[in-house]
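Chain A is the first sequence line, chain B the second, and so forth, proteins listed ahead of strands; every chain is numbered from 1. Just so it is clear, the structure is predicted and the values come from calculations on it, not from any experiment.
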Amino acid sequence: MDEPRLQEHLPLSVPVYQILLSLADRELHGYAMIQEIRERTGGEVDLTPSTLYGAVRRLEEDGLIAETEERLDPLLGDSRRRYYRMTRLGREVARAEADRLERALEHARRKGILGDGAPAEEGRA
Amino acid sequence: MTLGGVLRRIHAALARLLLPPAFRARYGEELARVFGDVLADAERGGGVGRMLRVAGRELGGLVELALRQRMRGRHGARRERPDTRATKTTTGGGGTMGRLMQDLRFAVRTLTRHPVVTGVAVVTLAVGVGATTAVFSVVDGVVLHPLAYAHPDRVMLVGELDARGDYAAVSYETFRDWQAEARSLEAITVFAGNSVSVTGGDRPERIRGLFVPASYFDVVGVEPALGRRIAAGEDVPGGPRTAVLSHAYWQERFGGDPAVLGRTLTLNSELHTVVGVMPADFVSPWDEPAAWISLHTLPRTLDRSNRNLSAMALLAEDVSLESAREELDALARRIGELDEQAPPVTGAWISSAGDWATRTHRPLLLILLAAVAMVLLIACANVASLQLARAAGRKREMAIRAAMGGSRTRLMTQMLVENLLLGALGGLLGIGLAYLGVDALLGLRPAYARYFAVAVDGPVLTFGLGVSLLTGVLFGLAPAVSASRADVEGALRDGERGMSGGRRAVRFRSGLVVAQMALAVTLLIGAGLLTRSMAALAGVNPGFDAENLLTLEFRLTGDEYEADEPVVAFLDRVLERVRRIGGVEGAAFAQALPFSGNGGVMPVIEEGEPLDLESAPQVRSSVVSPGYFRLMRVPVVRGRVFEDTDRRGTLPVAVISRAAAERAFPGEDPLGKRIYYTEELDAATIVGVVGDVSLALGAEPEPHVYLSYTQAPTRFYSLAVRTTEDPMAVAEGVRRAFWSVEPDQPVWEVMPMAERIAGSVADERFFMMVLGAFSLAALFLASLGIYGVMAYTVARRSHEIGVRLALGAAGGQVRSLVLRQGLLLVGTGVALGVGAALLLTGVLDATLFGVSARDPLTFAAAPAVLALVALVACYLPARRATRVDPVETLQRA
């Protein structure tokens, strides 16, 4: 996948990034995404349904996620839910964003903002 | 229905309402379901509180989502970044300030889109605000702040109470006693206003002078702007004579020369040194003096027996009027008892100087303020009506804005901002007009400018601004409420033709018109009553012939006129010279000419009767020349009038008026009776009775006693000259006749008698003209109002009219259909207005002359005039109704 195309999608907003993460290793329906994100971030990111579907629409339009099927979630009673999965493009975009975030972290470490407070030694990669 | 169920329904309804169809189709169901899940979760986790919080966040997020999705649709897909803060509804801009700026920009765009309508609204408001501010300007200067003194609320007018309990002026001695003993007064002074001859220039001149001691400046608390005040010692016999000039007189006579200090002026034949000039804004409500002059220049001021001084005092701080009154009362009575010669004193008279100054002006001006407020209300109603009509036409726009996330409060705020902007524009223009308005009002009543400080200053501007903002809110409220009630779906469906909410608007506007009509009728009735009153006054017979009569006044000062003979000689010679002037039919003197405001009073006591001053009838006294009655065409009722044979040394004679005869000698024949006419108890024989003259239009004629100048000459006179043509044509000739006898003798108030009479009703005329102008403005605005509503109604019912016409209705039937509706409005308004007028015109009772405050003719004519004008205003839309093309309206259905 060529770099420029990936860069178009960056930086990702927090809801979009989190949704992609939640779909990294499984398929989920809407409510499950909200739950998974909430649990994983310890409540730090708590999406409302509107925010979720606004992001979902954009992700679908950009081809970063796709609908899989509608099936029942045993935990949620008998209404069929639409499940989503991450696409290959979605995975690449998510990885590109993670890289970007890591680079940002590294800058912070080098300047002593992150870590034990001491400026990093020269040459630490 | 559980809470969860309710919340879910609200969510669903909002989603249906707000979300774009495409989005709703794809994600709507899911969204609703997930919301249900989240709610259930919240209920399990934290109960009702948590549910509501969650629901609140989601509903807010829903609105924002809808907004973003719709904006995406408008501008094409952009990189959208859903906000993590999914609870805030941001419609652009940063917070309240940003929203306000946005509203303002939007308001400007809206107003400029219809420049004509906006212009009409702004001008209407400007006229209303301008007129109100102008009237308030006068009210502020004349009623609220009448005194230009340093401590206006502590300045009092004081005097004595005579045996009858009436106000009596004080003597110099009494003033000195009070000055020494009164503890409740910080300072006290006396003053006397008089005409003063100024000689020594190229022309003898007369000015108005106020004779005062040094303490005057302590009481008013204002020092001269240039130089100094009259000092202690410069106000007692033997002391130097000084004068302080008014700013205006200093400009007029000395050209504003700063070197005026130290110059001398000959006032009343005495040399005075100019020591100061008062500030330009120093005015006095009692008088318009050109100079303040050493008190002892006024002859006989300091005699104990002379009670001709007005007294003014400054209350000590924290002393009430009542406690001062108590102290002065006791003082006055004690001092009065000490002097047995003096007339009895029963107490002290005291009044706030400010109240006294405004007492005649206050009722009139407050009524005018109320009247102009009515005009302002009518103007606001017109603008409110205009805005309502505009709002109706913008229903579609309003509906979209509501769908875009505008809460009802938001919409109302936006409309309010628009109307406040309109109010501010109208207000600014109005304040500009107020300057013109104040000039106009002062032009109609110059006395206000002479005695009071009337200007568009700080407090007045604040008032004007306040009024404009208030009007903005007033007329903006109705359209704002109406617009925010936008029936979204209906408006979006109907498009521009959405008049479905129009009926309520029409009812409200009709209500406005009825109110306008009522207010206009009330004003018209008031103006009508005043007009009839003026007409009645003008028709009053004053008891003499006022046509072609030139009048002037003069005072003989100087030592040469101490004795009587020189006075008589002077008057004889002047009469002779004046009678010879071309265009003069005759001339005569009188001490107190009618409508001059001059003259004294005297008690009528028959010779030999006990000297009971308390119960003796008081009459006006006037010294006249023999030809006076013939000149003035005052009828002789009994006996004879003065002749040339009545001279010094012959039998002293008197002539009395009919009212005096009835008052002093009821049922008797007064001829031959002898009455006292001097303090020395000289007696004169009554030889004739003449007709009464009024001293003021519409007043009861006062009883008069006349004496001949040959036998009892005074020093102050008016000259009356009957002319064949315009009286002012001989004015210069008469002046020169005077100066040919006495070159240094100033004359003043040279004017036709007709002008004096008109001047005496200047207040009433001012009142009538201003109220008349207001009522005409009200009539015009109210007619515009009803025209607007009728035109709107016709436009709204054009479909119905089209149907009627298509079904064969005649043009006349359609016309009368519309006119009937207009008539209903007019009739209701007029009825209400007449009812209000019946209640309100009572306030005019005191000012009306010759017509009752419930005069049937006025109460019938004013509404008739209004109804006629209003019907004409209805006729135009009615006629347009007949021109409706039935085919077109039916097609538009």
**OP:** Sequence neighbours left out, what pairs pass salt bridge (charged side-chain N to carboxylate O under 4.0 Å, His left out) with at least one residue falling in residues 19-35 of chain B?
**Re:**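 Of all non-adjacent pairs touching residues 19-35 of chain B, those that pass salt bridge (charged side-chain N to carboxylate O under 4.0 Å, His left out) are A:Glu60-B:Arg26, A:Glu67-B:Arg26, A:Arg82-B:Glu30, B:Glu29-B:Arg33.
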**OP:** Sort out for me which of B:Leu19, B:Leu59, B:Val34 touches chain A most, counting heavy-atom pairs under 4.5 Å.
**Re:** B:Val34
Original post:
So does A:Arg40 have more than 12 non-hydrogen atoms from other groups sitting under 6.0 Å from CZ?
Top reply: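 Yes - once you tally the heavy atoms of other residues, nucleotides and ligands closer than 6.0 Å, there are more than 12.
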Original post:
What closest approach, in Å, do A:Tyr53 and B:Tyr27 show between heavy atoms, and which atom pair accounts for it?
Top reply: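 Scanning both residues, the minimum pair turns out to be CD2-CD2, 3.5 Å.
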Original post:
Taking the side chain as C-beta and beyond, is there a heavy-atom pair between A:Arg57 and B:Leu65 under 4.5 Å?
Top reply: no
Original post:
For chain A, which residues from residues 38-49 of chain B lie under 4.5 Å away (heavy-atom distances)?
Top reply: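 B:Val38, B:Asp41 fall under the 4.5 Å cut-off.
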Subject >> A:Asp46 and B:Arg57: CA distance, side-chain angles, deciding distance, side-chain contact (heavy atoms from CB on, under 4.5 Å) verdict >> reply: CA-CA 11 Å; A:Asp46 190 1; B:Arg57 276 184 76 210; 3.7 Å; yes
Original post:
Can you list every side chain to side chain donor-acceptor pair (under 3.5 Å) pair that touches residues 1-18 of chain B, not counting sequence neighbours?
Top reply: B:His11-B:Glu58
Original post:
According to the ring-ring contact (aromatic ring centres under 6.0 Å, His included) rule, which pairs have a member within residues 30-50 of chain A, sequence neighbours left out?
Top reply: none
**OP:** Give the C-alpha distance, both sets of side-chain angles, the deciding distance and a yes or no for side-chain contact (heavy atoms from CB on, under 4.5 Å) between A:Thr48 and B:Glu64.
**Re:** CA-CA 12 Å; A:Thr48 63; B:Glu64 189 182 21; over 6 Å; no
